[in-house]
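Structure first, then comments.
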Amino acid sequence: MEHRGLDAYGYFEREGSLGRVRPEFAGLVAATRARVAEAYGRRLHSAYLYGSVPRGTARPGRSDLDLLIALHREPGDEDRDTAEVLARGLDQDFPQIDGVGVLLYGKERLLSEQERYDLGWFLACLCTPLLGDDLAEHLPRYRPDSLLAREANGDLAALLPRWRARFEAASEPAEFRRMNRFFSRHLVRTAFTLVMPRWGGWTSDLAESAEVFGGYYPERAAQLRRAAAVALDPVDDPAVARSYLDDLGPWLADEYTARHGTKTPRADPA
């Protein structure tokens, strides 16, 4: 078997690099680096890109920009407000992207034992350094095993009630479009990590993730292919989110718990 995303020893290879950023997004990345540094100043420890932009697969006008910011201390309300202003400004100024997502954490949490196989793995394996000293130097190497699957995505059952509340509160087509993209991405990635230890590799490609999953659960393969398609080209049909909440989501949560167990509870799950 070809172990995608792993080195010769079976460890994750870090995906993405600034060298893979497509020319259409070079100005955006430069502006992001400058604006993050200006916005957080001495509070900033480091910043990272993740997702399609550093993987070189972003599509102008359709992909979003994903950013992780690590501060020297745990973020407060002012820090979160700054992140919202930063994201809104980048989204408005660069038509190449369709939305900006910012994850904001203190460096001690990212390096904590509790987050070793969740946020730590995410930073070390899926994030591309943009600014500051790379925290991945303080983290271990990772394999695609059941422990990683449990800690990375073993909380779907706990998330579903929050998703339902968000769905019930939505009313505008734009809200359903964003919701369908977010739910679709999360479900496809969770479905992939469900089978990741058996497959023995890694991919961030949503279409490939759905195909890999379908090889183990053919009865659900068509649903995952549709979810991957919506994640890439979101629609504003509320029936899409409703189908996830009523069928695919609960089934996937139960199957995940049965195979990998439940993610270790966090005192602060944000």
Side-chain angles (χ1 to χ4, degrees), residues 16 18 21 25-55 58 61-112 114-115 118-136 138-139 152 155 159 162-163 165-166 169-170 172 174-175 177-183 185-186 189 204 231 234 266-270:
L18 296 182
V21 175
F25 297 93
L28 165 67
V29 171
T32 300
R33 181 188 289 110
R35 293 187 191 189
V36 169
E38 181 181 5
Y40 287 100
R42 299 181 67 176
R43 291 174 290 170
L44 179 71
H45 177 276
S46 49
Y48 309 79
L49 300 176
Y50 66 96
S52 60
V53 171
R55 291 200 303 267
R62 302 174 76 178
S63 296
D64 56 358
L65 176 70
D66 296 308
L67 180 66
L68 184 150
I69 297 173
L71 303 182
H72 284 287
R73 55 169 173 77
E74 284 300 302
D77 290 342
E78 180 183 351
D79 300 312
R80 286 184 277 271
D81 291 343
T82 298
E84 291 184 10
V85 172
L86 174 69
R88 187 163 56 247
L90 288 168
D91 191 27
Q92 290 174 348
D93 293 345
F94 290 90
Q96 298 95 320
I97 49 172
D98 179 20
V100 176
V102 180
L103 299 178
L104 187 65
Y105 296 103
K107 68 173 184 178
E108 295 304 322
R109 177 170 179 178
L110 291 167
L111 295 177
S112 68
Q114 186 178 58
E115 295 294 346
D118 186 8
L119 292 175
W121 161 76
F122 175 74
L123 184 149
C125 299
L126 305 187
C127 291
T128 296
L130 180 68
L131 271 172
D133 296 331
D134 185 7
L135 287 172
H138 304 284
L139 291 164
D155 57 351
L159 292 175
R162 291 159 54 183
W163 288 12
R166 179 179 172 183
E172 299 296 326
E175 293 178 279
R177 183 176 181 275
R178 289 191 296 269
M179 192 181 311
N180 286 336
R181 177 163 68 176
F182 175 79
F183 289 178
R185 284 180 174 181
H186 196 106
R189 288 169 178 156
S204 285
R266 270 44 170 181
D268 175 14

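Looking only at side-chain heavy atoms (C-beta outward), Phe122 and Leu68 come within less than 4.5 Å of each other. Using a 4.5 Å heavy-atom cutoff, the side chains of Phe25 and Leu49 are not in contact. No side-chain heavy atom of Leu103 sits less than 4.5 Å from a side-chain heavy atom of Leu119. Between Thr128 and Val21, the closest side-chain pair of non-hydrogen atoms is not below 4.5 Å.
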*Test side-chain contact (heavy atoms from CB on, under 4.5 Å) applied to Tyr105 and Leu135, step by step*: CA-CA 12 Å; Tyr105 296 103; Leu135 287 172; over 6 Å; no
*Apply side-chain contact (heavy atoms from CB on, under 4.5 Å) to Val100 and Thr32, showing your working.*
CA-CA 11 Å; Val100 176; Thr32 300; over 6 Å; no
*Output, in order, the C-alpha distance, side-chain angles, deciding distance and verdict of side-chain contact (heavy atoms from CB on, under 4.5 Å) for Tyr48 and Asp134.*
CA-CA 9 Å; Tyr48 309 79; Asp134 185 7; 3.5 Å; yes
*Decide side-chain contact (heavy atoms from CB on, under 4.5 Å) for Ile69 and Asp79; before the verdict, give the C-alpha distance in whole Å, the side-chain angles of both, and the deciding distance to 0.1 Å.*
CA-CA 10 Å; Ile69 297 173; Asp79 300 312; over 6 Å; no
*May I have the step-by-step check of salt bridge (charged side-chain N to carboxylate O under 4.0 Å, His left out) for Arg185 and Asp64, ending in yes or no?*
CA-CA 12 Å; Arg185 284 180 174 181; Asp64 56 358; 3.0 Å; yes
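Applying the side-chain hydrogen bond (donor to acceptor under 3.5 Å, both in side chains) test to every pair with at least one member in residues 92-103, sequence neighbours left out, gives these pairs: Arg35-Asp93, Asp98-Arg177. Among pairs with a residue in residues 80-90, those fulfilling side-chain hydrogen bond (donor to acceptor under 3.5 Å, both in side chains) read Asp77-Arg80, at least two apart in sequence or across chains.
For the atom pair CZ (Arg178) and CZ (Arg166), the distance works out to 7.5 Å, reported to the nearest 0.5 Å. A distance of 11.0 Å separates CG in Leu126 from CG in Asp66, rounded to the nearest 0.5 Å. Note: Leu104 CG to Leu71 CG = 4.5 Å, rounded to the nearest 0.5 Å. Between His72 atom NE2 and Lys107 atom NZ the span is 6.0 Å, to the nearest 0.5 Å. For the atom pair Leu123 CG and Leu139 CG, the distance stands at 6.5 Å (nearest 0.5 Å). For the atom pair CZ of Arg73 and CZ of Arg43, the computed distance is 6.0 Å after rounding to the nearest 0.5 Å.
Scanning all heavy atoms of the two residues, the minimum distance from Ala170 to Met179 falls at CB-CE, 3.5 Å. Residues Leu44 and Ala70 share a closest heavy-atom pair of CD1-O, 3.7 Å. Closest non-hydrogen pair, Ala136 versus Ala124, comes out as CB-CA, 3.8 Å.
Every residue meeting the side chain to side chain contact (heavy atoms under 4.5 Å, CB included) condition with Arg55, not counting sequence neighbours, appears here in chain and number order: Glu15, Ser52, Thr57, Ser204.
Between the side chain of Glu115 and the main chain of Ser112, no donor-acceptor pair closer than 3.5 Å is present.
The aromatic rings of His186 and Trp163 sit perpendicular, their planes meeting at an angle over 60°, well past the 30° parallel limit.
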